[in-house]
Amino acid sequence: MERPTSSSSSDEDDDRQNLIEQKERKLPTPRSTTTAFHIADDDIDDRNHRHHQQLRRRFTSLKLNDLFNKRSFVLFAIFVPLFVLILFFTTDIKALLFSTSVSASPFGSVSDELRESELRALYLLKQQQLGLFNLWNQTLPNPNSTSNHSNSPQIPLLEDFKSAVLRQMLINKDIQQVLLSPHRSGNSTESDFRDFGDIENPSLGDRCGILDQKLSQRRTIEWKPNASKYLFAICVSGQMSNHLICLEKHMFFAALLNRVLVIPSAKVDFQYSRVLDIEHINKCLGRKVVVTFEELAEAKKNHVHIDKFICYFSHPTTCYVDDEHLKKLKGSGVSLSKLEPAWVEDVKKPSKRTVQDVQSKFSTSDDVIAIGDVFFADLEQDWVMQPRGPLAHKCKTLIEPSRLIMLTAQRFIQTFLGKNFIALHFRRHGFLKFCNNKQQSCFYPIPQAADCITRVAERANAPVVYLSTDAAESETGLLQSLVVVNGKTVPLVKRPARNSAEKWDALLYRHGLEGDGQVEAMLDKTICAMSSVFIGASGSTFTEDILRLRKDWGSASLCDEYLCQGEDPNFIAENE
């Protein structure tokens, strides 16, 4: 019986010991512990006494650190779950997580933007380096230059130098803007980044403004012809542009000789009525100064006879007219007199002639005379080449495109180009051999040509270039890829093929002029003549006719020039 009692007492003692131990952790004295757990038992034996002694010894042996650590653990265990519960019921966890994810996204965006800006800035710095390097090279003499032209100085002109410096200033500003862009916030303004000053829209004035033609200083003569005296125009050299220049010179001769000018028949020459307004010339002069071949034939009752053929040129052929053209004249119903040269004159080396020379050699009482092709005639060049020509009239120009072509050009510009555009006549077909036979070649490699075009585009600040060219697609494609201003490609726009959805060319289509090569060439000229800035092809009469129109219309710019004017091609092939 004692063994079970002892066992039971031992379990009870253990329970009591645990309870007392837990109580003692919370209460300051052992006294309160004994009173809280009083056991009503009259038989308290020695084992209980020993048990209390053990409890006292254990309590007194506890260290302060142990007590603190155990108490901290209990507090932590109680308050951490409590804090989590409070946070759960008082906070929108979904919104918190969403805002965290959103706030984290700009860091990646800013990082990407910084990288992109740095690459862009490096590109612009490279462009600036190349620009400064080219400027440095231009200030040094070029020992390999073979040009004897006064238009090709070894040291750049002041305007070119200013233009080059301005380009570098603009590139430098672009670099600043690129580097600053990632650092701009919604509340900051651009002025926050101008601690060291800024250059706003650096300018050297209107550098591509309209050229002053000094029209008040024009030297002119009156064209008052005898209504029964005629000068029969003959033009055989080259294409339409050459013939128009030839006609313009014939008008001067007719004025000097007091004769009415006869426009050739379409049977022997171009059909001028499709590209020119013949009656416009008479309106500008206020009298009948020009007639068509058909009008002359009607006046002469279809018996047109050239009474006297006084040839301006004697070499390489008399009157610079070949046998084929003479046959065409006869086939059109024109009878001819003998061709007689007025003097010895070679088309390859024309002499400078004066008004008095012409009047003394070509004046005659015959009704109808001809002097042959005068395209190469060097007669009072300063007088003939002045703006609006040597003849007194009330219009801007005498020889200009027809009304239909003018309107079509305006509609094309409104559709594709806008007010501010550069026009480029980029001749290539048959130009390589022609240019290389000249003292200074005018045929430039595509990369060099692109560099010249880019310089003009920067100076003119034009967003687009109209391209009039006969070049192959392989050449124009490469040219397009290389014309870049401030990292942006400048579009080279050509006239598109006929499209019924586009209405800019509807006038030509309705009047049966679509597909006519001469009409399209004149349309190209007209668009180029209306441009803000024109880049021409040196040695091309197509370009010269455009420059004539620009001078006469008052659209000539201070930035007009020939392609790569003053430069030699950086590579020239040997002749055959």
Side-chain angles (χ1 to χ4, degrees), residues 235 238-247 263-281 283 290 292-294 328 397-419 421-430 464-473 475-477 480 491-531 534 536-537 540-546 548-550 552-553 555:
C235 299
Q239 297 299 314
M240 173 66 83
S241 297
N242 298 49
H243 287 227
L244 293 178
I245 294 172
C246 176
L247 279 180
I263 303 297
S265 167
K267 295 179 180 179
V268 297
D269 205 338
F270 293 111
Q271 192 171 352
Y272 292 104
S273 60
R274 293 176 71 86
V275 296
L276 301 177
D277 186 354
I278 304 300
E279 194 57 33
H280 165 79
I281 301 174
K283 290 178 180 178
V290 175
T292 64
F293 173 79
E294 290 73 21
K328 289 181 178 179
T397 186
L398 293 178
I399 297 180
E400 70 176 15
S402 67
R403 180 66 175 166
L404 289 176
I405 293 177
M406 295 272 282
L407 289 174
T408 302
Q410 292 173 4
R411 291 181 176 186
F412 179 86
I413 292 171
Q414 183 177 358
T415 302
F416 294 100
L417 304 173
K419 182 179 180 180
F421 70 97
I422 297 171
L424 168 65
H425 176 217
F426 191 57
R427 180 176 174 182
R428 302 297 277 184
H429 180 70
V464 66
V465 175
Y466 176 68
L467 181 60
S468 173
T469 185
D470 56 3
E473 192 66 32
E475 293 183 82
T476 57
Q480 173 64 92
L492 304 182
V493 179
K494 293 191 291 185
R495 280 187 300 106
R498 166 72 181 167
N499 187 337
S500 59
E502 297 174 359
K503 300 303 180 183
W504 63 269
D505 58 349
L507 290 175
L508 299 183
Y509 180 77
R510 289 204 300 265
H511 288 82
L513 298 176
E514 182 197 12
D516 187 313
Q518 299 307 323
V519 172
E520 291 182 351
M522 184 59 77
L523 178 59
D524 259 8
K525 282 184 184 179
T526 309
I527 295 171
C528 290
M530 292 178 175
S531 64
F534 175 63
S540 168
T541 54
F542 189 94
T543 282
E544 294 305 319
D545 203 35
I546 293 171
R548 176 188 65 82
L549 284 173
R550 290 178 65 77
D552 292 354
W553 286 348
S555 60

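All residue numbers refer to positions in the sequence shown, counting from 1. None of the values given here were measured: they were computed from a predicted structure. Below, all heavy atoms of this structure are taken into account, side chains as well, without hydrogens, waters or symmetry copies.
- Tyr509 is linked by a ring-ring contact (aromatic ring centres under 6.0 Å, His included) to nothing, counting only residues two or more places apart in sequence or in another chain.
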Where do Asp524 and Arg495 land on the salt bridge (charged side-chain N to carboxylate O under 4.0 Å, His left out) test, with the steps shown first? CA-CA 8 Å; Asp524 259 8; Arg495 280 187 300 106; 2.9 Å; yes
Checking side-chain contact (heavy atoms from CB on, under 4.5 Å) for the pair Val290/Leu398: CA distance, chi angles, key distance, verdict? CA-CA 11 Å; Val290 175; Leu398 293 178; over 6 Å; no
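- Residues forming a side chain to side chain contact (heavy atoms under 4.5 Å, CB included) with Thr476 (at least two apart in sequence, or on another chain): Leu467, Thr469, Ala471, Glu473, Lys494.
- Ser531 is linked by a side-chain hydrogen bond (donor to acceptor under 3.5 Å, both in side chains) to Arg550, counting only residues two or more places apart in sequence or in another chain.
- From Cys528, atom SG reaches atom CG of Leu523 across 9.5 Å, with rounding to the nearest 0.5 Å.
- The side-chain hydrogen bond (donor to acceptor under 3.5 Å, both in side chains) test applied to Thr526 returns no partner, not counting sequence neighbours.
- Under the disulfide bond (SG atoms under 2.5 Å apart) criterion, Cys246 pairs with Cys235, not counting sequence neighbours.
- For Phe412, the ring-ring contact (aromatic ring centres under 6.0 Å, His included) partners at least two apart in sequence or on another chain are Phe416, Tyr466, Trp504.
- Across all non-hydrogen atoms, the minimal contact from Leu417 to Val493 is CD2-CB, 4.0 Å.
- Taking the side-chain hydrogen bond (donor to acceptor under 3.5 Å, both in side chains) definition, one finds that Thr541 meets it with Asn242, sequence neighbours left out.
- Taking each heavy atom of Phe293 and Pro264 in turn, the nearest pair found is CB-C, 4.1 Å.
- In this structure, Lys525 NZ and Thr543 OG1 are separated by 9.5 Å, a value rounded to the nearest 0.5 Å.
- Residue pairs meeting the salt bridge (charged side-chain N to carboxylate O under 4.0 Å, His left out) criterion with at least one member in residues 263-276, sequence neighbours excluded, are Arg274-Asp516.
- A distance-only check finds no donor-acceptor pair linking the side chain of Ser468 to the backbone of His425 [under 3.5 Å].
- To the nearest 0.5 Å, atoms CG (Leu404) and NE2 (His511) are separated by 5.0 Å.
- Rounding to the nearest 0.5 Å places CG of Leu513 at 8.5 Å from OG1 of Thr408.
- Heavy atoms of other residues, nucleotides or ligands lying less than 6.0 angstrom from CD of Gln414 number 12 at most.
- The CD1 atom of Ile278 sits 4.5 Å away from atom CD1 of Ile263, with the distance rounded to the nearest 0.5 Å.
- Residues meeting the side-chain hydrogen bond (donor to acceptor under 3.5 Å, both in side chains) test with Thr397, sequence neighbours left out: Arg548, Asp552.
- The CZ atom of Phe270 sits 13.5 Å away from atom OG of Ser265, with the distance rounded to the nearest 0.5 Å.
- The backbone N or O of Arg427 sits nowhere less than 3.5 Å from a side-chain atom of Asp470 that would complete a donor-acceptor pair.
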Stepwise side-chain contact (heavy atoms from CB on, under 4.5 Å) test for Gln518 and Gln271: CA-CA 9 Å; Gln518 299 307 323; Gln271 192 171 352; over 6 Å; no
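- Contacts classified as salt bridge (charged side-chain N to carboxylate O under 4.0 Å, His left out) and involving residues 500-510 (residues at least two apart or in different chains) are given here: Arg498-Asp505.
- Every residue meeting the side chain to side chain contact (heavy atoms under 4.5 Å, CB included) condition with Ala521, not counting sequence neighbours, appears here in chain and number order: Phe542.
- Shown here are the ring-ring contact (aromatic ring centres under 6.0 Å, His included) partners of His280, two or more places apart in sequence or in another chain: there are none.
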